[in-house]
Number of protein chains: 2
Amino acid sequence: MTKVVPDPMSGEEFEKLAIERVSELTPNVHAEAMSLVYNVVRLANRMVADIESQVHSAAGWSWAGFRIMFVTLVFGELEPRQISILSDVSRASVSSVLNTLERDGLVVRLRESEDRRLVTVRLTEQGEQSVMKAFVAHNQRERDWTLALTQKECTQLTTLIRKMLQSGPQANDQNGQ
Amino acid sequence: MTKVVPDPMSGEEFEKLAIERVSELTPNVHAEAMSLVYNVVRLANRMVADIESQVHSAAGWSWAGFRIMFVTLVFGELEPRQISILSDVSRASVSSVLNTLERDGLVVRLRESEDRRLVTVRLTEQGEQSVMKAFVAHNQRERDWTLALTQKECTQLTTLIRKMLQSGPQANDQNGQ
DNA sequence: AACTGATTGTCTATGCTCTAACGATCTTTC
DNA sequence: GAAAGATCGTTAGAGCATAGACAATCAGTT
């Protein structure tokens, strides 16, 4: 009665079935586009989940926390709005994550700029030590992921993804890329 | 005093700066791995945010809601645990999203299986109409994204990503892929 | 100086995500 | 049969994400 899902169903099997089924319901399905987006999102989710569980949550923080700590490490110190732009996240989210990081003593918020609206985010001593240590493990895990590919494939993949990022969605684009 | 971020700083500029800076602090940085993971995650975030804002939130729901509706459309009806496996999300998250979808009259939860632990999720009439309509717009937007690439590049990219998904992280892998 | 408009960081409300724990139910073992 | 173990869906609690509204501040015009 109930259609049973083959127990270990791979992503590719699901893709195939989905394209088949959807093609019955609606014409002109862009199968290649569907596969591409599906796989990009799936890979990103897997990578984030993997690195978060293997590296960051073990160290007591999150992917989001690390991302903010990392850009702050790179630039020395930053204002929240810059963090927001650099890590592609809303100002509200930055504010929220900073609450956690500040509570845990990893960053401090200062009001020392001429422009009194601005907040300066700076790593504490502990924060700097932690993020440097975490980066090593993080980067090691990133490398583990790339071992699936040859050096050449790795470069190719990065190049293609950069190309998509630069162009964005190409048609009917009403709010810029 | 404060290091100022060049206002429209591209992802690539940030990558370059980050690699430079991090290489001063720690040896043996895997720059290619860093770039790859960074760009994959960035692209996925952009795609999800774009499609969510252009298609799904306009229709009154979320990416997560659509994903569940879609797999249910493909299979006719499903149990939450199968949805969980197919969409790579925890059972708890599925349960949470189903609450929203059920509240909005898009799906129903039934207890009609022999195994009385199981719940059967089925689309309502309205749900089926909605998800089919949303799929067309969703898939159109997916195609807009692929226009940045040639047909050949698109296939290449999908193939490389599938390869990474199948292999997973290759070393020090303690909990399976 | 006063008005207008834009920007910054934060707060609220809502939703998705996870882990960990729970009762209910099935399965296996004794 | 009864006890032990596994599985299913849900809940609780925490964190991150968004949009939208807000006070404070700055910049420009008049």
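All figures in this text were calculated on a predicted structure; none of them were measured in a lab. Numbers restart at 1 for each chain; the letters A, B, ... are given by sequence-line order, proteins then strands.
In this structure, CZ of Arg111(A) is placed 10 Å from P of dC26(D), rounded to the nearest angstrom. Rounded to whole angstrom, the span from the CD atom of Gln54(A) across to the P atom of dC18(C) amounts to 16 Å. Between the CD1 atom of Ile68(B) and the C1' atom of dG9(D) there is a distance of 13 Å, rounded to whole Å. Rounding to whole angstrom units, CH2 of residue Trp61(B) and C1' of dT14(C) are separated by 18 Å. Atom CD of Glu79(B) and atom C1' of dT10(D) are 16 Å apart (whole Å). Regarding His56(A), its NE2 atom lies at a distance of 17 Å from the C1' atom of dT17(C), rounded to whole Å. Rounded to whole Å, atom C1' of dT7(C) lies 11 Å from atom CD1 of Ile85(A). We find that CD1 of Ile83(B) is positioned 12 Å from P of dT17(C), with the value rounded to whole Å.
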Discussion item. Between His138(A) and Trp63(A), does the ring pair (Phe, Tyr, Trp, His ring centres under 6.0 Å) criterion hold? Intermediate values first, please.
Written reply: CA-CA 10 Å; His138(A) 179 101; Trp63(A) 177 278; 5.6 Å; yes
Practice prompt. Test salt bridge (Lys or Arg N to Asp or Glu O under 4.0 Å) on Glu79(A) and Arg117(A) and set out the steps.
Written response: CA-CA 10 Å; Glu79(A) 285 111 49; Arg117(A) 291 171 301 179; over 6 Å; no
Item to complete: Could you please spell out the steps behind the salt bridge (Lys or Arg N to Asp or Glu O under 4.0 Å) verdict for Glu32(B) and Arg143(A)?
Response: CA-CA 8 Å; Glu32(B) 325 74 29; Arg143(A) 189 179 144 279; over 6 Å; no
Worksheet entry | side chain to side chain contact (heavy atoms under 4.5 Å, CB included) between Arg116(B) and Arg111(B), worked out | CA-CA 7 Å; Arg116(B) 308 235 312 282; Arg111(B) 280 225 130 95; 5.7 Å; no
Item to complete: Step by step, work out the salt bridge (Lys or Arg N to Asp or Glu O under 4.0 Å) result for Arg21(A) and Glu24(A).
Response: CA-CA 5 Å; Arg21(A) 174 86 169 101; Glu24(A) 295 167 14; 3.8 Å; yes
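Note on Arg81(B): every side-chain N or O is 4.0 Å or more away from OP1 and OP2 of dT10(D). The phosphate of dC16(D) has OP1 or OP2 within less than 4.0 Å of a side-chain N or O from Thr100(A).
Looking only at side-chain heavy atoms (C-beta outward), Glu52(B) and Ser62(B) come within less than 4.5 Å of each other. Side-chain contact between Leu36(B) and Met164(B): present, with at least one pair of heavy atoms (C-beta onward) separated by less than 4.5 Å. Side-chain atoms of Thr158(A) and Tyr38(B), non-hydrogen and from C-beta on, never get closer than 4.5 Å to each other.
Minimum atom distance to the side chain of Val119(A) is reached by dT10(C), of the listed dT10(C), dG15(D), dT8(C).
Under the 3.5 Å distance criterion, the side-chain polar atoms of Thr72(A) are matched with a main-chain donor or acceptor of Ile68(A).
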What are the atom names and distances for every N/O pair under 3.5 Å that joins the protein to nucleotides 26-29 of chain C?
from    : atom 1 : to        : atom 2 : distance (Å)
dC26(C) : OP1    : Glu114(B) : O      : 3.4
dC26(C) : OP1    : Arg116(B) : N      : 2.8

Fill in: Nucleotide-level pairing of DNA chain C, given in dot-bracket where Watson-Crick and G-U pairs need both distances under 3.5 Å and | marks other strands
||||||||||||||||||||||||||||||
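Against DNA chain C, the stretch residues 89-98 of chain A makes heavy-atom approaches under 4.0 Å through Arg91(A), Ala92(A), Ser95(A).
Nearer to the 5' terminus of DNA chain C, by closest-nucleotide assignment, is the contact made by Leu118(A) (compared with the other of Leu118(A) and Asn99(A)).
No side-chain N or O of Glu77(B) forms a donor-acceptor pair with one of Thr120(B) less than 3.5 Å apart. There is a side-chain donor-acceptor pair under 3.5 Å between Asn39(A) and Glu15(A). In this model, a donor atom of one side chain and an acceptor atom of the other lie less than 3.5 Å apart for Ser93(A) and Ser90(A).
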